[in-house]
Each structure stands twice: as structure tokens, then as C-alpha cells.
Amino acid sequence: METIAVIDFETTGMTPSQGARATEIGAVLVRGGEIVGQYQSLMYSGVHIPPFIEQLTGISNAMLRDAPPAEQVMREVAAFTRGCPMVAHNAAFDRGFWLAERERAGCEPDLAQEFACTVLLSRRLNTEAPNHKLGTLASWFGLPNNGRAHRALADALTTAHLLVRLQDLVAQRYADQLQGRPVRHELLAALQRAPKTQLDRCVARAQASS
DNA sequence: TGCCAGGCCCTCTTTAGGGCCTT
């Protein structure tokens, strides 16, 4: 059975290309609609956390002084998620840090780790929601409270629960095509790229090729 | 002086602009 890794980074800024670094990572493994593993660690990279980010995340410069080196954390989490397809909320953001921090840590590229994005999927599958922020969708779906928002494991757990709900939506909406087969990451990745008017065709195509 | 992310989506679009989403 497929295991999907859901990750979330807390960082010092919006993009590695401007020098931002990760300060914390949370990773959750999802298999068969259940959470089967979780990982969280602060990570020290030597960069200063701006006051705005300290206030947003609650992660302070003092907290990071005793944290393990970023390179060590990335090697651990790379081993934890090895071979798993990935999911994140606004995956373009987390994927950027995932690739940058992995490269810094000297991790080998993992070609199996395609990303699916719960923002893109929610926009296609859940058009009634007022917006597609993680906190809004958690309330909208009545997801479990996983602790302080803007901490990596709490947000990764919320994203994992959101992923399961979105998989359920796909399974219910396309029950005829799926015929009881699980909603795999490959189908999610195809759906998130499909035009809204062609979701039915996308599912039929994915099922025909699987 | 004014700008400083990037990828995606929508529309009063496509030779563009603005909003969303993440820290």
C-alpha cells in the first residue's frame, strides 16, 4: 500500500533564493487514510530569525541555539521519507526549501518524490470553501486540532488530515471510475494540474493508464 | 527613488494584471 509523506517547513522568509533558511520541519506519513508515522525537529543553520517570524511561529533565536544542525536534520528526515511521494500545503513553497536544504545537507536526489499540493487540490475539489488557507480548511472540514498553528508538526498533521479528506472527496465523487481502488498520489498529482472543467476526464484517463 | 518570491489561477485575458498561498 502506498505511503505518502506530508511535510511542512517553518523558515526565516519566503524563499531560499533570497537567503531564507528552514528553522523547523515536520513530516507525517499517511498510509491507507491513517497517520502511521511522524517526525519533527528544529534545525540550526546559523541565520537570524526576524522578529516578525519569531512572533508568527513562536520559534526564537534562543530556541535554535540548542537545535541540531540543519544538515543532520535533513539527512534524518530524508531517510524518514525515502521513496515516498510528497504532499504539502502550497507545495511550491515547501518544495523550494526541501530541495535547497537537502542539497546543502548533501542528500542524494530522490526522483520518486513528486509533490502534490493541497491548495491546488482544494481549489479544484472544494470550490465552496471561502478560501484555501490551511486554517480555514481545517475549520471548514472540522479537522482535529493538532496544536499551535505555524509550528511544523502541527501544520503537517493538519495537512495530512486535509489530504485524507480530499482523497475521500475524490473517492466519493468518482466512485464509478475508481470502483473501490485507492486514490493514489499519482491521481492527485494529475488532478491538481487538470483544468477544472476536465476533472472527470482526468480521472478516467488516470484509471485507464493504471 | 522604488523595487526587492514564485507558481498558480481567474478574468472586464491572451501583446496583462491582480489575487491567492506559503514564512
Side-chain angles (χ1 to χ4, degrees), chain A residues 4-28 40-64 67 70 73-74 77 81 85-104 113-141 143 146-163 165-166 188-199 201-202:
Chain A
I4 296 174
V6 180
I7 64 164
D8 184 81
F9 277 106
E10 304 307 317
T11 73
T12 62
M14 296 309 298
T15 172
S17 67
Q18 290 198 319
R21 295 293 305 274
T23 58
E24 184 177 48
I25 185 167
V28 175
Q40 180 182 36
S41 181
L42 293 168
M43 44 203 288
Y44 180 73
S45 62
V47 298
H48 180 77
I49 304 177
F52 165 71
I53 300 290
E54 272 197 2
Q55 192 166 19
L56 178 72
T57 65
I59 299 170
S60 66
N61 287 290
M63 288 165 68
L64 287 194
V73 172
M74 289 308 298
V77 76
T81 63
M86 308 291 285
V87 165
H89 196 66
N90 196 25
F93 174 87
D94 291 285
R95 182 174 180 274
F97 283 95
W98 179 250
L99 296 177
E101 295 290 352
R102 278 182 62 114
E103 185 175 356
R104 282 176 179 273
Q113 293 189 305
E114 186 178 1
F115 273 75
C117 175
T118 46
V119 173
L120 298 181
L121 286 166
S122 179
R123 283 177 178 161
R124 278 164 175 75
L125 299 167
N126 187 35
T127 52
E128 303 83 11
N131 62 58
H132 301 278
K133 295 177 184 177
L134 186 58
T136 302
L137 293 173
S139 301
W140 177 263
F141 282 113
L143 303 180
N146 299 297
R148 189 192 200 284
H150 293 298
R151 287 301 298 264
L153 182 59
D155 282 359
L157 283 166
T158 301
T159 304
H161 288 293
L162 173 60
L163 167 67
R165 288 299 185 94
L166 293 171
L188 299 176
L191 277 173
Q192 74 178 16
R193 291 190 303 267
K196 275 182 183 170
T197 55
Q198 295 181 21
L199 296 185
R201 197 177 308 172
C202 175

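Chain letters run A, B, ... following the sequence lines, proteins first and then strands; every chain starts at 1.
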* State which residues pass salt bridge (Lys or Arg N to Asp or Glu O under 4.0 Å) with Arg193(A); sequence neighbours excluded, sorted by chain then number. => Glu114(A)
* Please identify each residue that fulfils side-chain contact (heavy atoms from CB on, under 4.5 Å) with Ile53(A), with sequence neighbours left out. => Ile49(A), Pro50(A), Thr57(A)
* Find which nucleotide of DNA chain B each of Val119(A) and Arg124(A) is nearest to by heavy atoms, and output the residue with the more 5' nucleotide. => Arg124(A)
* To do: For dT23(B) versus dA5(B), give the span between their C1' atoms, rounded off to a whole number of Å.
  => 11 Å
* Asked: Which value, in whole Å, describes the distance between the P atoms of nucleotides dG19(B) and dC4(B)?
  -> 14 Å
* Take atom CZ of Arg95(A) as the centre, draw a 6.0 Å sphere, and report whether it contains more than 12 heavy atoms from other residues, nucleotides or ligands. => no
* To do: Determine the interatomic distance between C1' on dT15(B) and the same-named atom on dC3(B); round to the nearest Å.
  => 24 Å
* Asked: Taking DNA chain B as the partner, which of residues 92-102 of chain A come within under 4.0 angstrom of it by heavy atom?
  -> Phe93(A)
* Structure fact -> Footprint ends on DNA chain B, 5' to 3', for atoms under 4.0 angstrom from a heavy atom of chain A, come out as dC4(B) to dT23(B)
* **Separation between the P atoms of dC20(B) and dC12(B), rounded to whole Å** => 16 Å
* Just jot down the salt bridge (Lys or Arg N to Asp or Glu O under 4.0 Å) partners of Arg21(A), sequence neighbours excluded, or say none. => Glu101(A)
* If we take the P atom in both dG18(B) and dT13(B), what is their distance in whole Å? -> 13 Å
* To do: Determine the contact category for Thr57(A): base if any of its heavy atoms lies under 4.0 Å from a base atom, sugar-phosphate if only primed atoms, P, OP1 or OP2 are that close, otherwise nothing.
  => sugar-phosphate
* Qualifying residues under salt bridge (Lys or Arg N to Asp or Glu O under 4.0 Å), relative to Arg151(A), sequence neighbours excluded -> Glu24(A)
* For Gln192(A), side-chain contact (heavy atoms from CB on, under 4.5 Å) partners two or more places apart -> Ala116(A), Cys117(A), Leu120(A), Leu121(A)
* To do: Check ring-ring contact (aromatic ring centres under 6.0 Å, His included) between Phe93(A) and all other residues, then give those that pass, not counting sequence neighbours.
  => Phe97(A)
* Structure fact -> Sequence neighbours excluded, the answer for salt bridge (Lys or Arg N to Asp or Glu O under 4.0 Å) partners of Glu10(A) is none
* Provide the closest heavy-atom pair for His48(A) versus Thr12(A) in the form atom of the first, atom of the second, distance. => O-CG2, 4.0 Å
* Asked: For DNA chain B, whose closest nucleotide is more 5', that of Thr23(A) or that of Gln192(A)?
  -> Gln192(A)
